[in-house]
Amino acid sequence: MPKPASYWDKFTQSRISRRRALQMAAVGGASAGAIWIVGCGGDDDDENGQATPSGNGNGEVITGGTFRGSVSLVLGKDPHKASTFLTHALASQAYSRLLRFKTTTGELRQDEWYTTENELASQVETPDDTTYIFTIRPEAKFQNLPPVNGREVTGEDVVYSFNRYSEISPNKANLSMVDSVTADGKTVTFKLKEPFGLFRNRIASFQDLWIMPREFVEQSETASEDSMLGSGPFIFERFEPNVVMSWRKNPDYWETDDQGNQLPYLDGVQLDIITDQNQVLSQFAAGALDSIFVPPQLLNNVRSQNPNAIIDGAMRNVLSFLYFEPASYTAGKPPFNDERVRQGMSMIINRDALLSRISDEGGGWPNLINAGFGESWWLNPKGDDIGDAGKYYQYNLDEARALFEAAGVGDGFNTPMHYSSTVYTTIVPYYDIVRQSLPALLEEANISVEQRGEEYGVYISKTFGRGEFEGFTFGLESVFSDIAAYWTNMFYPRDAGGGRNHSSVSDATLNDRIAAMLRIQDLEELREANFDLQRYVSEKMYYVPVVTPVEFSARQPRLKNVQNTTGPTTYATGTEGYLRLMKEA
Amino acid sequence: MRTYILKRLLLAVPTLIGVSIIVFFMLRILPGDIVQQVAGENQVTPELRAQIERQLGLDRPAWQEYFEWLGNVVTLDFGTSLRDSSSINERLKNTLPTTLEMSLLALVISLIIALPVGIVSAIRQDSVADYAGRSVAIGFLAIPSFWLGTMIIVYSSEWFGWATPLPTEYKQIWEDPVANLKYLIFPFGYFIPLGPAVLLGVSLSGTVMRLTRTQMLEVLRQDYVRTAWAKGLRERRVITAHALKNALIPVVTVIGLQLPILVGGSVIVESIYTVPGMGQWLFTAILQRDYTAVQAIALLAAIAVVTANLIVDVAYAYLDPRIRYG
Amino acid sequence: MATTIDLPAIDQVLREPRPSGPTAWPRIVWDFCRRKPLGGIGLVIIVVMLFCALFVDGILFGSREPLLAPYHYNDQTFGDENLGMSLDHPLGTDQLGRDIFSRILYGARISVILGISIVAIAAFVSLAMGTATGYFSGWFDTITQRFVDIILAIPPLILLIYSLSVFAGTSGPYGRMFWIILIVGIVLAVQSIRVIRGAAISTANNPYVDAARTLGATNARIVFRHILPNVVPVAIVLSTVQVGTAILAEAAVSFLGLGIPEPFPSWGTMLNLTGASQFRAFPIQAVWPGVAIALAVYGFNMFGDALRDVIDPRLRGSR
């Protein structure tokens, strides 16, 4: 299937490159080849998309240095217990999975996003489409601290982890297709109840099967929350609430680069816990922090204050969307029970205006599947391939009004709008701008909004978690490990895998089609089925996706060999981000 | 004297118990399920709920928990955080001295600024100096501390590229006094006193200025002062000295009255300057429904206030014989 | 703060004979401004603020259309974000394309409503409780004093943050406003109650109260005819200054994100901590709300101070 020329293509090929070229010119063109790793150089080197071996273009390996980053919140340390991506991002420093997602220095081609690669497992065999046999590499060892003392990782560890995960993880529905897991020395066999095409992705997912050693976890009730001990590249060092969290290099880490150098290159990772955006920016300007997220409205400000910094833009995988109160679906409560009203809600949102309000750099339109997923899986609502369903995303005031009229609410209506008033503001800077702009947009059709801000804890438990709200909510969905997880989590019944079915959507036809799609083994076919589903839900607008702006991160030039972690890997920063990172003194 | 102290102590006890009850039970009526919060964004199954409740000790009746908590508190065991099971005592060891120190510094700074201005204002009542002093005083208390702090942080970063130090760089005063004072008073460099303690002190000084002025005026109106005044210049100087001494007695109460405001103000200042103290901790704990931490901090804050008032009352009684024997 | 007062009735407050006739009040005010220029400035600020609060839109005439303000407070114009000062937008626009000058004016209304409501509750409660406990004494007094102690022991901002996140976490702006008014009102009441009580006690100790009682006056009559008239002026002075405190308290919680939510333009909300990074790029946007708050509090305090100087003869001055 030929890849359609899309908005996204234009974006990756020309816009970023041009900007980077300007960056390079600012830094000093001659040394560009040496200094500049990500981007231009990469495209030419990697014909087959293999990860570039170590080095900064000169093949030079720089070891040492501690990466200094920041987080705004640390919620927990045990990845089995947590469902928040905050914890999972931390998990990847100290823990490993059987598989991980592919990264590279240089541009990672879109059709390679979400491809899995080996981590603890050295190979995966699939004798039939419901059996997966993972062989754990012989050199895989736990960190050399009591009680594991550097012993080898075995199949039993995987079994133990899987059982624990299935018992206590809030995400356990993600691996519910597994019928049994058995170990035999260094191999572990997963038998599935039914074929599941994206199983490797589930295993590689940073939200799910982390391998944790039994003797560490079972030391006490709180062992896995007090500390972290696994087979990962960094050893947990300390945590001070509201202050700092840090790891040091694992000297016995089993992975080496292509030239035989031991990984990781860094001596350690330190994350300062900073909630104040101002301080993050000041510390970056002062050179204390190595890399930060840049709020879109401050892009120019950061550029001018940090002329040497390297600024990257990408669309993250956090989905911004509206969801409607469950009673609309379960009890046919107006007005959102009517498909036309939901469609109108979508068509009254001027997505392009929102994007330009957020920053000058634009972004994409999600259609439930986030634009950040890349066009391999995401059907661009602005493209040709989406067909008729694309019209529901276009800003069309007249059509929206006509739809409202047809649904009997032509004179407008009053509705509560829930949102989270804390946490999102610092972690996802554009959330507030969009949330504040929505009422103004809705007013055009006489829809008056009663804003109901809820503090994050209340929002997460009540509105997001239990669907106890009225009217609609503007919220965020954190990333899923693969496309299938969107469909099952957001549409299946809550007690049957629909962990994120906030609105209690119950469309039996849709669920049947989802189940059918999950059984497809051939990736291409799966992709097409997934596109079909996207067309279908575009019309239904059970959830109204809003925007995926380009979000920016800035980093100091002394960071080398930066891995391109667009796509799903942004969150497993330990193994997929810091593992091959180098920091110049 | 002793009976006076004893009486005040006895009065303090029911106050503290009352505070502990309010602090403890108000949290139990929270909307927002702590269980769901601990579990995160996904669904809470009945098994998960039971397990988390057991871990958090929520499966017993509230009154039982209250007495158990109270018992622990009396032995200085404040329990573990509901958020991340870390020891509250541990964290208190780091944060309590920080906030205490910052508050004391702020108090001292506010007195340094406010006392002279208040006294001059009173002695030269209705003069230009008085008007100026009163305007400044009201100006200081009218300017919101959070606004001033935000302005300082934003402009210092934009104009001078200064950054406030990170919480990791905070050293307790016994570890590294220079670094400590730098963090709290001169974070942007020596001789630039724009630190959190200074902000807090300045925001307090307005009220202290006015209170000092009022107390001073009251003393100056006393008959004995008026008489001395009428008698002549030389005596006036002597009487001013006497008046000052007597006026400083109520200033002690002024200090006592500032405590609650100091504790509240530290929440704001610590958030703006990212000082790893109790104020910021309390704020995040409240937002995160960390029951045990909020209880501990709120109770400690109240204890601090009550204790300070007690000390102030006793000091007042000691200095003013009329109270002692009246 | 005055702690004990021995007061004649308010008629005797002014040294000159009280003006009478139709121009009485304007002359009193003019007199006041002349003798207490700072108080006069405060009065002007207060009047301007009230004027803005009343006429920012046409609500007095039944219309929601902006009147004094050139734009509605949530009038967003896509494409006009973060503009500088201009004739069209005297104070520029914010990140959503809203006119800042208009928002400041609407904010005056929020501050006035909250300030006055809070102080009304505080005055009512402290007058009632203060007079009752001061006059009647006994176990009622002791119990009340214990409650007062308890509430005074909890730092007010902490109590406010606490209560707002407990009770008002999910309510809309009106719910939040209600709780802010209630809690801050109670805290301020509790702070005033001691003073009122002191005034009531000292008045109750006056011989003429005894005389009245001997002549057969009921408690109610004594309270209303003798105690209250002496206690009310104290309350008035306290209240005026407390409006400033109330405005600051609301601004502080809104700043922390627990007070009046968006899009209502409370001055404190406009300075919200989470938007602080916005101020890096456009620092001037943080200046206006802060200045507004400072001016408002300044005005009420100045005026209250001057009022107290006038009403309490002992502190009147050396002239």
Side-chain angles (χ1 to χ4, degrees), chain B residues 11-12 14-19 21-23 26-27 29-32 125-126 131 134-135 138-139 141-148 150-151 153-155 157-158 210-211 214 217-218 221 259-265 267-268 271-272 282-283 286-287 289 294 297-298 301-303 305-306 309, chain C residues 1-3 37-38 42 145-147 149-163 165-167 169-170 244-245 248 251-252 255-258 267-268 271 273 276-277 279-281 283 286-287 289-291 293-302 305 309 314-315 317-319:
Chain B
L11 280 180
T15 308
L16 285 177
I17 293 195
V19 170
I21 293 183
I22 291 184
V23 158
M26 203 149 85
L27 275 171
I29 352 174
L30 279 183
Q125 191 184 15
D126 286 338
Y131 283 131
R134 282 161 64 191
S135 297
I138 298 186
L141 69 82
I143 297 178
S145 61
F146 51 88
W147 178 69
L148 194 57
T150 307
M151 292 283 94
I153 302 263
V154 168
Y155 279 105
S157 177
E158 284 302 297
R210 283 151 54 80
L211 282 165
T214 314
L217 281 177
E218 220 178 275
R221 295 290 146 243
L259 243 310
I261 308 180
L262 260 178
V263 176
V267 173
I268 290 178
S271 299
I272 296 179
L282 176 67
F283 187 58
I286 288 179
L287 287 185
R289 302 289 185 267
V294 176
I297 304 173
I303 291 177
V305 171
V306 168
N309 280 331
Chain C
M1 272 307 134
T3 48
L38 290 180
Q145 287 312 301
R146 295 289 71 73
F147 272 116
D149 278 343
I150 292 176
I151 297 184
L152 279 178
I154 306 180
L157 188 63
I158 293 182
L159 182 61
L160 190 54
I161 298 175
Y162 212 91
S163 323
S165 77
V166 167
F167 298 115
T170 49
T245 316
L248 266 179
F255 165 77
L256 289 171
L258 289 170
W267 295 332
L271 288 172
L273 189 61
S277 53
F279 300 138
R280 287 179 83 88
V287 169
V291 168
I293 296 174
L295 269 180
V297 177
Y298 191 83
F300 278 100
N301 268 297
M302 276 302 190
D305 255 18
D309 278 357
R314 295 188 317 155
L315 299 176
S318 50
R319 276 186 272 148

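Since we're looking at a predicted model, the values are computed, not measured. Side chains are part of it too, since the values below use all heavy atoms of this structure and drop only hydrogens, waters and symmetry mates. We name chains A, B, ... by the order of the sequence lines, and we start the count at 1 in each one.
- When all heavy atoms of B/Tyr155 and C/Pro283 are compared, the pair lying nearest together is OH-CB, 3.2 Å.
- No other option in B/Val19, B/Ile153, B/Ile143 has as many heavy-atom pairs under 4.5 Å with chain C as B/Val19.
- For B/Leu141, the parts lying near chain C are the backbone and the side chain together; criterion is any non-hydrogen pair under 4.5 Å.
- Here the CZ-OG1 distance, from C/Arg280 to B/Thr150, works out to 12.5 Å after rounding to the nearest 0.5 Å.
- Of all heavy-atom pairs between B/Ala142 and C/Leu248, the closest is O-CD2, 4.1 Å.
- Atoms CD1 and CD1, on B/Ile22 and C/Ile154 in that order, are 4.5 Å from each other to the nearest 0.5 Å.
- Side-chain contact check for B/Phe283 versus C/Leu157: every heavy-atom pair is 4.5 Å or farther apart.
- For the set C/Ile293, C/Thr245, C/Leu159, C/Leu160, the count of heavy-atom pairs under 4.5 angstrom toward chain B peaks at C/Ile293.
- Residues B/Leu11 and C/Gln145 have side chains not in contact (no heavy-atom distance under 4.5 Å, counting atoms from C-beta outward).
- The candidate from C/Gly299, C/Ala153, C/Ala281 with the greatest count of non-hydrogen atom pairs under 4.5 Å with chain B is C/Ala153.
- For the atom pair CD1 of B/Ile138 and CG of C/Leu38, the computed distance is 7.5 Å after rounding to the nearest 0.5 Å.
- The main-chain N or O of C/Val291 is never found under 3.5 Å from a side-chain atom of B/Trp147 such that the two would form a donor-acceptor pair.
- When heavy atoms are compared at a cutoff of 4.5 Å, B/Leu282 approaches chain C solely by way of its side chain, counted from C-beta outward.
- Atoms CZ and CG, from B/Arg134 and C/Asn301 in turn, are 11.0 Å apart once rounded to the nearest 0.5 Å.
- By the 4.5 Å heavy-atom criterion applied to side chains, C/Trp267 and B/Pro144 are not counted as neighbours.
- The contact between C/Ile150 and chain B is made by backbone and side chain atoms together, counting heavy-atom distances below 4.5 Å.
- To the nearest 0.5 Å, atoms OG1 (B/Thr15) and CD1 (C/Ile151) are separated by 11.5 Å.
- Contact annotation for B/Val306: only side-chain heavy atoms (C-beta onward) come within less than 4.5 Å of a heavy atom of chain C.
- With a 4.5 Å cut-off on non-hydrogen atoms, C/Leu152 touches chain B through its backbone but not through its side chain.
- Looking at B/Ser135, both its backbone and its side chain come within 4.5 Å of chain C, counting heavy atoms on both sides.
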